[in-house]
Amino acid sequence: MNKSSFVVLFSILFIFSLSSCRTLGGVQKETAPLDYSNDDVIRNEIKRINELKQVEPVEAYWRSILLGEENVKNECISYLEESGKKAFEEKDYITAWRFINSLEVTGKKLSDIDSEKIEKLIKEDVPGFMENDKEPSSVSECIKATVTILVDKGIKITNGSGVPDRVLGSGFFIDKRGYIVTNHHVIEDMVNPSYEGYSRLYIKLSGEENDKIPAKVIGYDSLSDLALLKTEIIPEFVFSLGSSEELVSGDKINVIGAPLGLESSISEGIVSNTRRKLIPTGDVFQIDAPVNSGNSGGPCIDKSMRVQAVVFAGVLQAQGLNFAIPVEYLKQELPFLYAGGEFNHSWTGCYGHTKKSGSKKTGVDVQYVMPGSSARLAGFRGGEVIQNVNGIPVESLEKLQGMFRERGPGTIVNVEYLDESGEEKNSYVYLSKRAESPALEMYESDLIENSFLPLYGMQLVPSSTTSKNYFKITRVLESSDAEELQFSENDPITIRKVRIFKEDKYIIAQIVTRRQKKNLIDVGMVLGTAFDGPNFF
């Protein structure tokens with residue numbers, strides 16, 4: 001069973017009486033696709049497109065493609081061209097790239113400017129992509145390229161006494177102008193709008209532990225747990241970024257940081273595994289180099305002194321069970337982090353898994369599409385197998401998520417796929433801002449019998465005309481919680497209550513079932529799933 005879900009069995013005689021629950025149904029809804037044969041729908045959609053042009057011209061253009069009205073589409077193309085050129089002239093290269101690349105993907109190329117040229121301009125000034133003449137050549141020099149992060153939160157009261165309240169972490173220089181990479185969770189209080197207390201951000205250089213140097217947050221991403229900082233000093237040494245794809249299980253690595261506040265500590269280990277699903281949008285490394293509180297945000301370096309990953313977690317109760325974020329994710333996000341503010345991931349409103357033929361990965365199996373999502377509006381219904389995006393082969397869900405991460409929201413992609421009958425098709429899909437809680441949004445946007453597929457891995461259909469609580473399973477996804485719990489097609493399900501725990505970010509379903517694989521014994525169960533997980537895209 002994956003880490004985001006759990007189940008508890010109890011007697012059928014137990015009375016479901018937990019408080020703070022939401023009754024079945026309620027605000028759930030099923031959003032129907034737009035009917036472009038209806039004149040009123042067309043008029044309303046044209047009005048919406050014209051309004052969207054002012055705030056999100058790429059989405060307006062995408063909707064005009066779906067609508068199919070040539071005059072509306074041509075107006076959107078002209079507006080997008082003008083807006084892209086204006087953003088380019090103002091050196092807002094990320095915005096210019098979004099606009100121009102979206103036109104190119106749909107076959108509209110400008111003669112005097114292209115997205116490839118803009119992409120080069122974007123990376124010219126971005127930390128981590130610039131020429132590095134301060135690269136460390138020894139472990140001692142690597143330590144000098146690493147810093148201790150200190151978030152001073154003032155004083156807190158413990159047992160009636162005031163004690164310093166601070167967060168310690170690690171970071172490392174990636175640019176001679178003073179740019180530093182660390183974890184988002186280290187500096188979270190500096191950017192969390194709900195935090196109302198005092199906080200100040202400092203760094204400490206190696207060998208100068210008593211000197212606190214002010215720093216500021218430039219950009220951050222809570223989902224990938226990355227942040228870019230800036231301090232007004234010239235570092236002695238600066239790390240170069242490697243390529244995580246070069247690392248395999250068994251390769252030796254070193255971790256540098258400030259475990260338990262002990263600055264400039266270095267530990268050695270190996271990469272234990274390169275595919276652990278601990279963040280929603282990709283795999284992370286498992287390493288056995290010792291990691292403790294204070295190591296978060298420190299560099300994981302290879303034998304060539306290049307950064308291959310960013311340390312972000314360790315299991316205190318399990319020796320040698322520690323984790324690091326691949327540097328590829330950092331490299332994909334750096335242009336957005338450098339632009340400033342929060343980096344938002346993109347998605348299409350789908351749920352699925354990597355499709356396999358034997359041991360070979362052959363694409364992404366779309367198993368569920370949320371009503372009202374961009375994928376649904378583009379024609380996806382579930383059962384499709386995505387094979388290419390913008391002409392690039394997509395053999396796995398991880399590859400698809402990486403492509404989405406690199407593009408960010410607010411762009412159009414050309415998705416080539418096989419439909420349920422095996423016919424090759426393609427659709428233009430708009431990448432919107434990723435939902436903060438994908439599972440919750442799917443639950444609230446669809447009928448309960450459909451939402452149980454992305455939540456728990458089972459497709460339901462109503463089995464009673466007199467009660468909305470009775471269902472029958474028609475499909476069980478492979479490797480899902482439903483399969484691990486040995487549910488089968490035609491098993492009856494009675495849903496008693498569904499509870500939403502917003503603070504803990506969980507959805508709990510209280511059910512009664514009679515599983516065929518368990519001798520048809522009536523049992524009560526509690527199914528749970530997190531608001532987010534690795535299969536939403």
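In what follows, every heavy atom counts, from backbone to side chain, and hydrogens, waters and symmetry copies are set aside. These figures come from a predicted structure and were not determined experimentally.
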Short N-O contact, K109 and D114, less than 4.0 angstrom:
no
Okay, side chain of S267, backbone of P290: is any donor-acceptor separation there less than 3.5 Å?
yes
Got V310 and L226 here, is their nearest side-chain heavy-atom distance under 4.5 Å?
yes
Do S161 and N159 meet the criterion of a side-chain donor-acceptor pair at a distance under 3.5 Å?
no
side-chain hydrogen bond (donor to acceptor under 3.5 Å, both in side chains) partners for E119, two or more places apart:
none
Determine yes or no for a side-chain-to-main-chain donor-acceptor pair under 3.5 angstrom, with K212 supplying the side chain and L150 the backbone.
no
Y456 vs T529, test: side-chain contact (heavy atoms from CB on, under 4.5 Å). Steps then yes/no.
CA-CA 7 Å; Y456 307 114; T529 190; 3.8 Å; yes
Would you find a donor on one side and an acceptor on the other, under 3.5 Å apart, between the side chain of S480 and the backbone of E483?
yes
Is there a side-chain contact (heavy atoms from CB on, under 4.5 Å) between I301 and C142? Walk through the geometry before answering.
CA-CA 9 Å; I301 60 175; C142 287; 3.8 Å; yes
With no hydrogens and no angle check, is any side-chain donor or acceptor of T148 less than 3.5 Å from a backbone partner on A258?
no
Under 4.0 Å between a side-chain nitrogen and a carboxylate oxygen: does that hold for K277 and D283?
yes
Give me the one residue out of Y338, F172, F173 that meets ring-ring contact (aromatic ring centres under 6.0 Å, His included) with Y179.
Y338
I'd like to know whether F323 forms a side-chain contact (heavy atoms from CB on, under 4.5 Å) with I287, so could you lay out the CA-CA distance, the side-chain angles of the two residues, the decisive distance to 0.1 Å, and finally the verdict.
CA-CA 6 Å; F323 304 95; I287 59 177; over 6 Å; no
In sequence, state the C-alpha distance, the side-chain angles, and the governing distance for Y417 and F380, and then conclude on ring pair (Phe, Tyr, Trp, His ring centres under 6.0 Å).
CA-CA 10 Å; Y417 60 94; F380 287 76; 4.5 Å; yes
Where do K230 and E232 land on the salt bridge (charged side-chain N to carboxylate O under 4.0 Å, His left out) test, with the steps shown first?
CA-CA 7 Å; K230 177 74 164 64; E232 298 304 319; 3.1 Å; yes
Under a 4.0 Å N-O cut-off, is there an ion pair linking D189 with R200?
no
With the side chain counted from C-beta on, respond yes when L334 and L241 share a heavy-atom pair under 4.5 Å apart, and no when they do not.
yes
Does any part of the side chain of M370, heavy atoms only, come nearer than 4.5 Å to the side chain of Y443, both counted from C-beta?
no
What I'd like to find out is whether the side chain of C350 reaches to under 4.5 Å of the side chain of Y368, using heavy atoms alone.
no
I'd like to know whether N426 forms a side-chain hydrogen bond (donor to acceptor under 3.5 Å, both in side chains) with N414, so could you lay out the CA-CA distance, the side-chain angles of the two residues, the decisive distance to 0.1 Å, and finally the verdict.
CA-CA 7 Å; N426 78 287; N414 184 14; 2.9 Å; yes
Y351: what forms a ring-ring contact (aromatic ring centres under 6.0 Å, His included) with it, not counting sequence neighbours?
H353, F536
Going by heavy atoms in the side chains, are E342 and V191 under 4.5 Å from each other?
no
Can you tell me if NZ on K399 sees more than 12 non-hydrogen neighbours from other groups inside 6.0 Å?
yes
I'd like to check the ring-ring contact (aromatic ring centres under 6.0 Å, His included) partners of H345; sequence neighbours left out, ordered by chain and number.
F343
Does NZ or CZ of K123 fall inside the cone over F129's six-membered ring, less than 6.0 Å from its centre and within 45° of the axis?
yes
Provide the full list of salt bridge (charged side-chain N to carboxylate O under 4.0 Å, His left out) pairs with a residue in residues 165-179, sequence neighbours left out, each pair given once.
D125-R177, D133-K176, D175-R177
State, with a plain yes or no, whether a side-chain heavy atom of K361 is found less than 4.5 Å away from one of L397.
no
side-chain hydrogen bond (donor to acceptor under 3.5 Å, both in side chains) evaluation trace for S206 with S264
CA-CA 6 Å; S206 173; S264 306; 3.1 Å; yes
Side chains of I174 and I180: does their closest heavy-atom pair fall under 4.5 Å?
no
Has D504 got a side-chain atom pairing as donor or acceptor with Y506's backbone, closer than 3.5 angstrom?
no
Is the shortest side-chain heavy-atom distance between L440 and I500 below 4.5 Å?
yes
Are R434 and E436 within salt-bridge range, i.e. N to O under 4.0 Å?
no
Going by the rule side-chain hydrogen bond (donor to acceptor under 3.5 Å, both in side chains), which residues pair with N388 if we only count those two or more places apart in sequence or in a different chain?
none
Between E104 and S115, a side-chain donor and acceptor under 3.5 Å:
yes
Residues passing the side-chain hydrogen bond (donor to acceptor under 3.5 Å, both in side chains) test with T106, sequence neighbours excluded, are Y61
Can you confirm if the NZ or CZ of R306 lies within 45° of the ring axis of F239 and under 6.0 Å from the centre of its six-membered ring?
no
